[in-house]
2 protein chains.
Amino acid sequence: MAAQEQYEELARQLSAVAAVRRDLGRLLPPDCSPASAVVLALVQKHGELRMSRLAELMAVDMSVTSRHVTYATEHGWLVRLPDPADRRSRLLSLSPDGEALLREVSTRYTQALATCLQDWSDDDIGALTGLLARLRTSFGDCRARPQHLAHAADAAAAG
Amino acid sequence: MAAQEQYEELARQLSAVAAVRRDLGRLLPPDCSPASAVVLALVQKHGELRMSRLAELMAVDMSVTSRHVTYATEHGWLVRLPDPADRRSRLLSLSPDGEALLREVSTRYTQALATCLQDWSDDDIGALTGLLARLRTSFGDCRARPQHLAHAADAAAAG
DNA sequence: TATTGTTATACTCTATAACTATA
DNA sequence: TATAGTTATAGAGTATAACAATA
């Protein structure tokens with residue numbers, strides 16, 4: 001097990017990475033919120049999706065997902081079709097405009113990252129991407145067993 | 001230079017790490033917002049600080065910093081003293097209550113991370129922490145020369 | 001009864017602009 | 001004039017709870 005100092009430093013860096021996310025968000029076209037970019041990218045990556053599945057992938061409450069999807073639908077980037085298998089559910093897919101927007105976003109992100117990360121090797125970038133993916137998995141597994149995180153907080157509070 | 005797909009994947013992972021940050025935020029004591037935890041940790045790490053320096057470290061506007069510091073001061077965690085060298089400025093330092101809160105936060109974070117990252121080696125954690133720090137530096141350098149990021153967006157828009 | 005999704009409400013975080021006080 | 005900091009305002013993101021429709 002790592003030292004406390006090492007965990008504290010990781011927590012600090014995880015907080016600080018928000019600044020990078022804000023920088024990337026500023027690159028987006030006027031009407032495209034960061035959340036819209038995330039939603040569109042996930043629908044593209046996973047294909048036709050239900051709301052509940054999208055909420056799970058974003059790790060946010062479904063009420064939040066619903067607002068983001070409504071916004072993207074009103075802007076013509078996303079299409080909500082009824083699910084023939086379950087009439088409570090709706091299936092999301094990208095519109096042609098959504099695909100075009102996503103290409104634009106990808107171009108801007110790539111351009112900015114290539115500029116800022118000039119001195120990063122492919123391996124560096126791959127290592128960071130891989131570790132972030134693994135971090136999400138580790139936390140996702142924890143979240144699936146809520147007693148873990150809750151226990152950690154309770155134990156700390158009791159100590 | 002890395003492939004476009006690699007940059008897109010990195011951008012996705014950077015967006016997704018927000019979920020981990022939210023999970024950590026949920027561990028905090030009732031009155032302690034995530035922003036308060038960040039402010040207190042920075043004051044502890046860097047010692048007596050001016051508002052402008054704190055804003056720079058958080059990479060947010062000074063108006064945002066001002067609100068966070070006011071909140072932490074009203075809760076008795078932070079002390080704002082006049083700067084004898086410049087009467088426009090104020091110097092921030094931790095109160096005993098602030099130090100105690102920070103110890104509590106550190107315990108909770110450490111407990112949760114130790115639980116979720118059970119199968120991570122010290123080297124894994126160090127690698128992720130180091131890469132995140134480097135990412136911030138690379139973006140910080142870019143931000144210091146705004147034409148870089150702006151140029152990236154403009155070039156993409158023109159393309 | 002349980003589940004899918006939507007809406008209302010409230011809270012946190014951030015940026016812009018206008019302002020005060022001091023350099 | 002320029003800089004340090006504050007405040008007002010607006011916008012984006014999220015969670016909780018109450019609700020409608022369907023399984």
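Computed from a predicted model, the values in this text were never measured in an experiment. Numbers restart at 1 for each chain; the letters A, B, ... are given by sequence-line order, proteins then strands.
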Atom-to-atom span, [atom1] of [X] to [atom2] of [N] - whole angstrom:
| X | N | atom1 | atom2 | result |
| --- | --- | --- | --- | --- |
| B/R90 | C/dA23 | CZ | C1' | 17 Å |
| B/M51 | D/dT3 | CE | P | 18 Å |
| B/D61 | C/dA18 | CG | P | 14 Å |
| B/M58 | C/dT12 | CE | P | 15 Å |
| B/L78 | D/dG5 | CG | P | 13 Å |
| B/D83 | D/dT3 | CG | P | 17 Å |
| B/R50 | D/dT6 | CZ | C1' | 15 Å |
| B/Y71 | C/dC13 | OH | P | 8 Å |

With respect to the phosphate group of [N], does any side-chain polar atom (N or O) of [X] fall under 4.0 Å of OP1 or OP2?
| X | N | value |
| --- | --- | --- |
| B/S89 | D/dT3 | no |
| A/S66 | C/dT6 | yes |
| A/R87 | C/dT4 | no |
| B/H68 | C/dT12 | no |
| A/T65 | C/dG5 | no |
| A/R67 | D/dG13 | no |
| B/R26 | D/dA15 | yes |

Task: Heavy-atom pair of closest approach, residues A/Y109 and A/L27 - done: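 Looking at all heavy atoms of both residues, the closest pair is CD1-CD1, 4.3 Å.
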
TODO: Kindly give the heavy-atom pair with the smallest separation between B/S138 and A/D119, and that separation in Å.
DONE: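 Minimum heavy-atom separation between B/S138 and A/D119: OG-OD1, 4.2 Å.
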
- [ ] Please determine, for the side chain of A/V60, which listed nucleotide (D/dA15, D/dT6, D/dA4) has the closest atom?
- [x]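 So the side chain of A/V60 is nearest to D/dA15.
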
Open item on the list: Measuring from the side chain of A/M62 (C-beta onward, heavy atoms only), which nucleotide among D/dT6, C/dC13, C/dT4 has the closest atom?
Closed with: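 Out of D/dT6, C/dC13, C/dT4, the nucleotide with an atom closest to A/M62's side chain is C/dT4.
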
TODO: Would you state whether a donor and an acceptor, one from the side chain of B/S63 and one from the base of C/dT16, lie under 3.5 Å apart?
DONE: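 Checked by distance alone, the answer is yes.
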
Task: Polar pair under 3.5 Å, donor/acceptor by atom type, side chain B/R88, base D/dT3 - done: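 Looking at the base of D/dT3, it does pair with a donor or acceptor on the side chain of B/R88 (distance under 3.5 Å).
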
Open item on the list: Mind checking if A/R21 touches a base, just sugar-phosphate, or nothing, with heavy atoms under 4.0 Å?
Closed with: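 A/R21: no heavy atom of the nucleic acid under 4.0 Å.
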
Open item on the list: Regarding A/D86, tell me which of base, sugar-phosphate or nothing describes its non-hydrogen contacts under 4.0 Å with the strands shown.
Closed with: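 Here A/D86 touches the backbone only, sparing every base.
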
Open item on the list: Assuming nearest nucleotide by heavy-atom distance, tell me which of A/R22 and A/R80 is located more 5' along DNA chain C.
Closed with: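 On the 5' side of the pair lies A/R80.
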
Task: With A/L49, the side-chain contact (heavy atoms from CB on, under 4.5 Å) member among A/L57, A/L91, A/V39 - done: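 For A/L49, the side-chain contact (heavy atoms from CB on, under 4.5 Å) check succeeds only for A/L57.
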
TODO: Pick out which of A/L92, A/L78, A/V79 makes a side-chain contact (heavy atoms from CB on, under 4.5 Å) with A/T73.
DONE: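 Passing option: A/L78.
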
Open item on the list: Return whichever of A/A85 or A/S33 has its heavy-atom-nearest nucleotide of DNA chain D closer to the 5' end.
Closed with: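 In this pair, the answer is A/S33.
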
Open item on the list: I'd like to check A/R80 versus A/T70 (side-chain heavy atoms, cut-off strictly below 4.5 Å). Are they in contact?
Closed with: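 Yes. Closest side-chain heavy atoms under 4.5 Å.
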
Task: Donor on one side chain, acceptor on other, A/S93 and A/E48, under 3.5 Å - done: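 No, A/E48 and A/S93 have no side-chain donor paired with an acceptor closer than 3.5 Å.
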
